[in-house]
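Reading through the structure tokens given below for one structure.
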Amino acid sequence: MKNIILIAPPAAGKGTQSKLLSSEYNLTHISTGDLLRTASQKNDEMGSLIKGLIDSGSLVSDEIVINLLKDTLDNLNSGYILDGFPRTVNQAEKYLDMLEELNIPLGDVIFIDIPKDVIKKRIIGRLVCPNCGAVYNNLIEENKPLKEGICNECSSELIKRKDDNEETFDKRYDTYVKETYPLVEFFKDKGVLSTISGNLSKEETFDMLKQIIGNK
Ligand code: AMP
């Protein structure tokens, strides 16, 4: 069973690469951002708490995220790719305990290292499909949808995520540096981290990921 964790700054293309990898290796794509966005649409106290945190660029509490993830893993019988989790060292520690309990191997941990100025440009033009999750960018020629504002895959109307603006991005990036970047050392110390770095295209990044994953 192949399991993959992708660590990267916000808007580095984790979602896009996860989708490509999940079809290449037949893996379930688990995005904690998507799980939380779904939970935030519920008309209850928990839903509005989660929505407020996401919209402001803050992290949701470890406990909420871990419970959502545990429910998902409990019902899964295939390999998976984790997109957006763990986001803190505490989440990583709890996750390792969870794997031991469920008897699931850790698998590959891959760090996609992209400079801040590059991703900031990418985020301003990002559009997502609320129906199938496909991601586009109306400022990058090769990532534009074929028909303006419409998903190539399912013809739904594309939306801009509320947290995809400059101010929220800066906050999310600071949170990443403080909370998530320490995971690089955490997994390096365990001898399980591979790194891809540079301003690479979607295709180049995917090729590098396949080289790492395919070699194991
Ligand atoms: P993403 O779609 O991965 O960019 O996540 C969007 C937002 O969901 C983040 O800015 C956080 O507010 C929240 N989120 C996603 N994953 C996590 C996580 N593992 N821990 C805490 N908050 C998370």
Side-chain angles (χ1 to χ4, degrees), residues 3-22 28-42 46-73 80-99 106 109-114 116 118-120 122-137 158-184 186-187 205:
N3 298 324
I4 299 165
I5 292 179
L6 287 186
I7 300 173
K14 282 193 304 289
T16 303
Q17 295 299 334
S18 298
K19 281 196 182 63
L20 292 169
L21 290 173
S22 77
T28 301
H29 175 195
I30 305 174
S31 153
T32 46
D34 286 347
L35 291 176
L36 289 165
R37 274 183 286 277
T38 301
S40 78
Q41 281 158 12
K42 284 202 183 131
M46 176 71 88
S48 56
L49 172 82
I50 295 174
K51 186 170 185 315
L53 290 166
I54 293 178
D55 288 351
S56 71
S58 309
L59 290 183
V60 175
S61 79
D62 291 346
E63 198 192 344
I64 294 176
V65 181
I66 285 163
N67 284 337
L68 273 176
L69 179 66
K70 195 156 194 297
D71 284 349
T72 308
L73 291 185
Y80 55 87
I81 172 150
L82 270 184
D83 161 11
F85 182 96
R87 270 300 218 276
T88 65
V89 169
N90 182 48
Q91 287 182 9
E93 282 166 345
K94 295 264 160 53
Y95 177 64
L96 292 182
D97 292 345
M98 201 194 298
L99 291 184
L106 173 62
V109 184
I110 306 172
F111 172 41
I112 306 177
D113 188 14
I114 303 183
K116 182 180 179 186
V118 173
I119 40 182
K120 196 164 177 171
R122 288 185 190 174
I123 206 171
I124 309 294
R126 179 158 75 171
L127 292 171
V128 294
C129 175
N131 182 44
C132 73
V135 182
Y136 301 88
N137 195 305
L158 300 175
I159 56 166
K160 195 161 176 59
R161 271 171 47 173
K162 214 172 168 189
D163 53 352
D164 277 352
N165 61 69
E166 206 166 330
E167 191 189 329
T168 309
F169 172 75
D170 285 337
K171 169 107 193 277
R172 287 168 70 204
Y173 195 85
D174 287 349
T175 306
Y176 160 76
V177 171
K178 265 191 234 120
E179 305 279 358
T180 307
Y181 188 72
L183 286 172
V184 170
F186 178 87
F187 285 115
T205 305

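Just so you know, ligand 1 is whichever comes first in the structure, and atom 1 is the first atom listed for that ligand. Just so you know, these numbers come straight off a predicted model, no measurement behind them.
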Nearest heavy atoms of [X] and [Y], plus distance in Å:
X      : Y      : answer
Asp163 : Ile54  : CB-O, 3.8 Å
Phe187 : Ala92  : CZ-CB, 4.1 Å
Pro86  : Thr180 : O-CG2, 4.4 Å
Ile50  : Ala39  : CD1-CB, 3.8 Å

Check: So between Lys51, Gln91, Arg37, Arg87, whose heavy atom ends up nearest atom 2 (O) of ligand 1?
Finding: Arg37
Note to self: My understanding is that we take every heavy atom of each candidate and find the minimum distance to atom 10 (O) of ligand 1. Doing that for Arg161, Arg172, Glu179, which one comes out nearest?
What the structure shows: Arg172
Does [X] reach ligand 1 with a nitrogen or oxygen that is under 3.5 Å from one of the ligand's nitrogen or oxygen atoms?
X     : result
Leu59 : no
Thr32 : yes
Phe85 : no

Next item on the list: Using a strict cut-off of 4.0 Å, indicate which atoms of ligand 1 neighbour a heavy atom of Gly33.
Entry: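 Listed by number with element, the hits are 2 (O), 5 (O), 15 (C), 16 (N).
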Note to self: Suppose we measure from atom 22 (N) of ligand 1 to each protein heavy atom; which comes out shortest, and what is that distance?
What the structure shows: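 The protein heavy atom lying closest is Val60 N, 3.1 Å.
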Check: Looking at atom 8 (O) of ligand 1, what's its closest protein heavy atom, distance included?
Finding: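 Result for atom 8 (O) of ligand 1: Ile54 CG1, 3.8 Å.
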Notebook entry, point to check: Just by distance, do the side chain of Asn3 and the backbone of Leu106 share a donor-acceptor pair under 3.5 Å?
Noted result: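 No.
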Note to self: Taking Gly84's backbone N and O only, do any of them form a donor-acceptor pair with Thr32's side chain (distance below 3.5 Å, no angle check)?
What the structure shows: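 Yes; judged by distance alone, with no hydrogens or angles, the pair exists.
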Ligand 1 versus [X], non-hydrogen atoms closer than 4.0 Å: side chain, backbone, both, neither?
X     : result
Ser58 : backbone
Leu36 : side chain
Val65 : side chain

Item checked: side-chain contact (heavy atoms from CB on, under 4.5 Å) partner of Lys51, chosen from Gln41, Arg37, Lys162 -> Lys162
Next item on the list: Nearest 0.5 Å please: distance from the CD atom of Gln17 over to the OG atom of Ser22.
Entry: 11.0 Å
